[in-house]
Amino acid sequence: MDIAENIRKFKEELGDNITLVAISKTKPAGDIMQAYNEGQRIFGENKIQEMTEKWEELPKDIEWHMVGHVQRNKVKYMAPFVSLIHAVDSLKLLKEVNKEAGKNDRTINCLLQIKIAEEDTKFGIDEEKAREILKSEALARYDNVKITGLMGMATFTEDMEQVKKEFLKLKSLFDDLKQEHPNFRTLSMGMSGDYKVAVECGSNMVRIGSSIFGERNYN
Ligand SMILES: *Cc1c(COP(=O)(O)O)cnc(C)c1O
């Protein structure tokens with residue numbers, strides 16, 4: 001894998017209006033630095049401990065995104081530095097993020113993860129639950145947390161019509177909620193296998209791992 005070349009290719013293809021999150025989970029610091037030296041500053045991880053270790057080791061102008069499922073008892077480790085949490089799915093989690101962000105004198109931006117896939121293996125909440133969270137009185141009191149948009153993962157399938165249907169559903173919910181929530185600006189959808197469809201459907205943030213860094217080895 002020529003990581004630098006891949007970063008150049010994605011930047012050119014995505015342009016200025018679509019944010020590239022380079023998903024570096026399981027990849028070593030050296031790989032991240034190859035992307036960094038090509039100007040990439042936003043990296044995503046799905047485990048808090050791994051992300052924290054990389055944050056400690058790597059340049060401090062990197063923006064770290066947590067894209068995986070978040071356990072409440074681990075929020076404190078990333079609260080000092082995380083710049084966006086993509087997969088928020090409950091008020092309880094928002095309460096914890098708010099508390100830990102406050103201790104660090106920060107406001108942490110979060111996305112609500114919406115379940116759009118037909119498979120039932122994916123995390124995320126439905127539209128009704130998202131609306132309930134957004135209008136809750138509790139959230140209004142959480143001064144150190146801000147919901148800035150939505151994230152979704154489509155069904156893992158070759159059937160791009162299915163994927164498109166799911167992304168369009170998310171885009172339409174995003175547009176709808178944006179009317180009432182001025183902080184809404186980020187629609188995180190699209191990965192290596194489906195980012196082209198996601199962009200076609202209105203995504204403005206894509207999360208690309210294997211097409212930049214190569215296949216992941218979990219051994
Ligand atoms: C791993 C991961 C990605 C990147 O997946 P690729 O198919 O390697 O691009 C994107 N989003 C989330 C939430 C992930 O966990």
Side-chain angles (χ1 to χ4, degrees), residues 1-11 13-14 18-28 31-32 34-35 38 40 42-54 62-71 74-75 78 82-90 93 97 109-125 130 148-160 162-164 166-167 170-171 174 186-219:
M1 271 289 171
D2 186 338
I3 294 170
E5 169 68 23
N6 294 338
I7 291 289
R8 281 195 295 276
K9 195 201 84 184
F10 271 107
K11 285 200 164 155
E13 185 178 347
L14 296 170
I18 299 167
T19 303
L20 173 62
V21 184
I23 305 295
S24 50
K25 61 192 186 197
T26 79
K27 298 296 177 182
D31 286 11
I32 296 175
Q34 286 181 48
E38 208 49 54
Q40 180 65 25
I42 306 177
F43 293 89
E45 294 279 335
N46 71 340
K47 294 209 167 65
I48 292 174
Q49 187 179 337
E50 184 177 343
M51 181 172 75
T52 304
E53 286 165 10
K54 287 172 173 170
I62 289 178
E63 284 180 37
W64 292 101
H65 288 198
M66 171 45 55
V67 300
H69 183 69
V70 176
Q71 285 170 273
K74 292 187 179 159
V75 169
M78 66 175 169
V82 69
S83 82
L84 183 64
I85 303 175
H86 286 236
V88 170
D89 59 1
S90 71
L93 177 57
V97 172
N109 291 339
C110 294
L111 307 178
L112 293 178
Q113 180 175 4
I114 307 297
K115 182 176 148 48
I116 51 172
E118 274 184 358
E119 313 159 294
D120 47 35
T121 53
K122 296 273 160 66
F123 292 105
I125 55 179
T148 56
L150 303 178
M151 181 272 228
M153 288 167 88
T155 301
F156 188 71
T157 170
E158 303 276 295
D159 180 359
M160 285 301 141
Q162 172 73 23
V163 169
K164 189 170 175 177
E166 294 171 0
F167 282 152
L170 186 59
K171 171 66 160 77
F174 176 77
T186 301
L187 179 56
S188 167
M189 58 183 199
M191 316 183 6
S192 293
D194 58 20
Y195 77 91
K196 282 181 204 274
V197 182
V199 166
E200 229 181 84
C201 295
S203 165
N204 62 20
M205 181 175 282
V206 295
R207 310 176 310 271
I208 310 288
S210 44
S211 289
I212 294 173
F213 297 107
E215 292 300 315
R216 285 175 293 275
N217 184 349
Y218 284 101
N219 298 318

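All of these numbers come straight from a predicted model, not from anything done at the bench. Along the sequence shown, the residues carry numbers beginning at 1. Just so you know, ligand 1 is whichever comes first in the structure, and atom 1 is the first atom listed for that ligand.
Remark: distances from the non-hydrogen atoms of His86 to ligand 1 are all 4.0 Å or more.
Counting only distance, with no hydrogens or angles, the side chain of Asn6 and the backbone of Ile212 share a donor-acceptor pair below 3.5 Å. Between the side chain of Arg207 and the main chain of Ile23, no donor-acceptor pair closer than 3.5 Å is present. Proximity of a side-chain donor or acceptor of Asp89 to a complementary backbone N or O of Gly124 within less than 3.5 Å is not detected.
For ligand 1, the atoms sitting less than 4.0 Å from at least one non-hydrogen atom of Gly209 are 4 (C), 6 (P), 8 (O), 9 (O), numbered in the order shown with element in parentheses. Residue Arg207 approaches ligand 1 through these ligand atoms, each under 4.0 Å from one of its heavy atoms: 4 (C), 9 (O), 10 (C), 11 (N), 12 (C), 13 (C). Heavy-atom contacts of Val67 reach the following atoms of ligand 1: 12 (C), 13 (C) (cutoff under 4.0 Å). Heavy-atom proximity to Ile208, at under 4.0 Å, picks out these atoms of ligand 1: 9 (O).
Classification of Glu50 and Lys54 as a salt-bridged pair holds, one side-chain N sitting under 4.0 Å from a carboxylate O.
Ser192 OG, 2.5 Å is the protein heavy atom nearest to atom 9 (O) of ligand 1. The protein heavy-atom contact nearest to atom 5 (O) of ligand 1 is Met191 CE, 3.5 Å.
When each of Lys9, Lys11, Arg8 is tested with Glu38 by the rule salt bridge (Lys or Arg N to Asp or Glu O under 4.0 Å), just one qualifies, namely Arg8. Each of Glu45, Lys47, Glu53 was evaluated against Gln49; a single residue qualifies, Glu53, per the side chain to side chain donor-acceptor pair (under 3.5 Å) test.
Closest heavy-atom approach to atom 7 (O) of ligand 1 among the candidates Ala22, Gly190, Gly214, Ser210: Ser210. Among Gln113, Lys25, Met153, Met66, the residue whose heavy atom lies nearest to atom 2 (C) of ligand 1 is Lys25.
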task: Give the intermediate values and the outcome of side-chain contact (heavy atoms from CB on, under 4.5 Å) for residues Gln113 and Met153.
output: CA-CA 8 Å; Gln113 180 175 4; Met153 288 167 88; 4.1 Å; yes
